[in-house]
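Below: one structure, written as structure tokens.
For the numbers below, each heavy atom of this structure counts, side chains included, while hydrogens, waters and symmetry mates do not. Just so we're on the same page: letters track the sequence lines, and every chain starts at 1.
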Amino acid sequence: MAENNNYDQIINNVTTQCSDINKRVISFQNGSVTILFVKQLTDITMLSEYIIKPIMENASMITTFTAEKVASKIISPSVSILSLDENTIVEKLMNGMTVILFSWESKLLSCDIKKVEKKDIGTPELTYSIRGPKDCFTEILDVNISLIRYRIKDPQLKIDMFEVGKRTKARIAVIYINDIVNNKIINDIESRINSIDTDGILESGELQILLQGKRGFYPQIGLAERSDLACGALLEGKAVIIAEGSGIALIAPKTFAEFLWSSDDQYDNKYFAAFMKILRAGSLILSLTLGSLYIALVSFHADLLPADYILTLAKLRADVPVNAFTGILFLEILLLIVREALLRVPNQIGSAIGIVGAIIIGQAAISSNVFDPLSLIIVSISFLASFAIPDYSITTPFYILKFMLMVATATLGLFGFTLGICVIITSVVSENSFGVPYTAPYAPFNLTDAAKVMGYSKNAPANRPDFLQTKDNTRGAGRK
Amino acid sequence: MRKTRIGLKIIAALLAALTLTGCWDSFDIEKRDMVTAIILDKKEDHYYFYTEIADLSENSAQQGQSGDGQGQKGGGFSIVVAKGKTLSDARDDFNRKTVKELFLGAARILVFTDRMSENGIEEYLNRLRGQTDYRKAISLSTTSTDPMEILNNTPENVTSIGFAIESDLDTLVSDGTSFTMNIGDALRVLAVKGPGFLVPDIKIVEDKMTLNGYTVFNKEAKKIGFIPAESRKGIVYFLNPKSVFFYDVVYDGKRYVIRLRLNEKNIKPIYKDGKLTLNIDADFSAEIEFADKMELMDDKTLTDIKKELEKQTRIDLTDAVNTSQKTFHCDYLNIYEYFRAAYNDEFYKLDWSDVYSKAQVNIKTKVNVNQSNIPEKER
């Protein structure tokens, strides 16, 4: 049997490096076994039941066993045998593993009896669905993978694991269905993950930013809080990226039009779903342009309105001291402040903030002629319209664009408005999401794809859209 | 280097936008005086602008009219009167009397007094051609009533006289019993230099705004006559493609009230050897609206009533054409459009008024009588 000369020194070094590493020494006549673990990351019951207790029961002969034999005969949990190295021990301990060292052996055992405090599988808060499943991802990667495995029992479902962050060493899972997905997309995603050089990521949002690159004004990656959404994306030939410690999975690629789709579209009447898709697109346009159009009409081109409206509008604004641009800008900022405040305050006083906001804006501001009522209606409709978009990540750049468009319109009238819209359209069309044109299938236009995505239904014998360039583009013919 | 170039491009684009467009001079609508009606008069060598301006202040509705007839008329509108030796002087006086910058985009009606119409309105219409803030869709009207009486008339349910006159005229058009003429139409006719045009004439009768008839303007936009509203049927058939009129027919001792709708009208000009022949075909559909006794007509009655209606409509159309040819020597029925479409080169070479006045006119009418209004059991 090999004698382990560095045994004591290594244990000493490891325990002094990190104060939260616990040590349990079990001594025998001919040697000792040292168990190292981080108490907060270890299931203590499993440790005593499946590691300490079996070792003590075999005290008489354990010193004659090799590490391999201890692993196969004595220790129950899954074990990997590693060579004795100080850095390896620390790395394993930091990952929540329990390390067993033998005074007579130059190898060590690393046991997985991790236990991390976690919340139960909850209901969605980000992507609420009327009819769809309600089970959400949690912060535990393995639980999230199990939720996907539970829904897709296909052996072609592949999970590629990565480790990101020099210090956090967060595990990242790239999940895809191998015989559907376009390999170029997976290679692109994985090469981007491999090229990440950061000290750590704590949430999938950080990973999203790193994957999108430095410009990344428009989101190129979708969010999936619910496992059914993630599975739906996988079936469409997309990749799902899950980061350890985050309850929100990422979906790539994702086109602009897809941000306007709701999971309910899959479960609803397809004609209603198509109508709702158009309505959501209209809401986004309304949210972006309504304030600017009001400024253009009131301050520059009143004669575009019918005469009756001009008079009504002018009478509404007769005693308002601020011009249309200032009024709209102020109200937009005020509403954003109310929104921000409502996000931060506890639920119990959230409604109170809403009432105060409504009274201040709705009653006091109008009755004191600070703003005209139509400005408030315009801003409120614009604000509400922004919430009709199922994926909130697409609305955030449009908040900024809305203000830019208002400034352009207030400076140059409808010319500025048109100029701003052209810049926005150009910037959106120029984007791509992991090689897929961002505005597909509308630009570049593909009538078949447009019809497919607009009238999607499980019962329609439709193929997957061509723009994803999947290996297998047949979804199935629905009910025969 | 590349960043500098991009920056320069952005600055150049912004500078171009700022200098090449006039959009940056914003002006909020509440800071303007909104004109809703304009009456143009000429008396004692002076042009007069009578205007109705919307008063945007909250308490304007309670204010009444001031003693000199100028100022607050109440109901949210005020009256401004301006005068000058020329149209430019009158406009200058008008600008001086108004508090804010004028906004003409809300104007609904432009009325010319008889005096102004007789003097000629071409100069003023040509001024409007160059004014971009004037809507070319503003309806034109003439009147023999005193402008102040019109502006101070309080119409039912409408506070602005501009809106009231426009609404009156538009209602008649949608009913199919009249037509309108707007600035754009008048400018289009004047540009052709040949035909004339008709402008609806309004009058206040027993405190009510009424369509009095039509003022005939010649190719120089001068008033040359007047056609009373009672004689308008044939004219309206020419100028409103959706004309509808009621005819009373007495047959076999029974009175039938029949609603006649113009379905189609074809005017075919034939110009040969310096002579113009106009073949006019009009197709009508008729519906029995009321009768002494609502009963199904037999074939003979139906045929006779049909013939009677064809005769009456032919007379109406013939009267309309004869009046324009013989009385006014002026094509205000827009027949020139059909001729120009067929003989474009000839149209610009000849004197249209002369050719039109001497044209031989053949009118055919066809009426299809419908008995669907007769109760079911009678059928």
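Interface check for chain A: of the options B:Lys31, B:Arg135, B:Met34, the most heavy-atom pairs under 4.5 Å are formed by B:Arg135. Here A:Leu311 is the residue among A:Leu311, A:Ile295, A:Leu316, A:Val320 with the most heavy-atom pairs under 4.5 Å with chain B.
Judged by a 6.0 Å distance limit and a 45° cone about the ring axis, A:Arg339 is not positioned over the six-membered ring of A:Phe387. For the pair A:Lys315 and B:Phe77, the cation sits on the ring face: its NZ or CZ lies under 6.0 Å from the ring centre, inside 45° of the axis.
With a threshold of 4.5 angstrom between heavy atoms, A:Leu313 approaches chain B through its backbone and through its side chain. For A:Asp372, no part lies under 4.5 angstrom from a heavy atom of chain B.
A side chain to side chain contact (heavy atoms under 4.5 Å, CB included) with A:Leu405 is found for one member of A:Leu419, A:Val423, A:Ile421, A:Leu293 and no other, namely A:Ile421.
Residues A:Tyr442 and A:Phe256 keep their aromatic ring centres 6.0 Å or farther apart.
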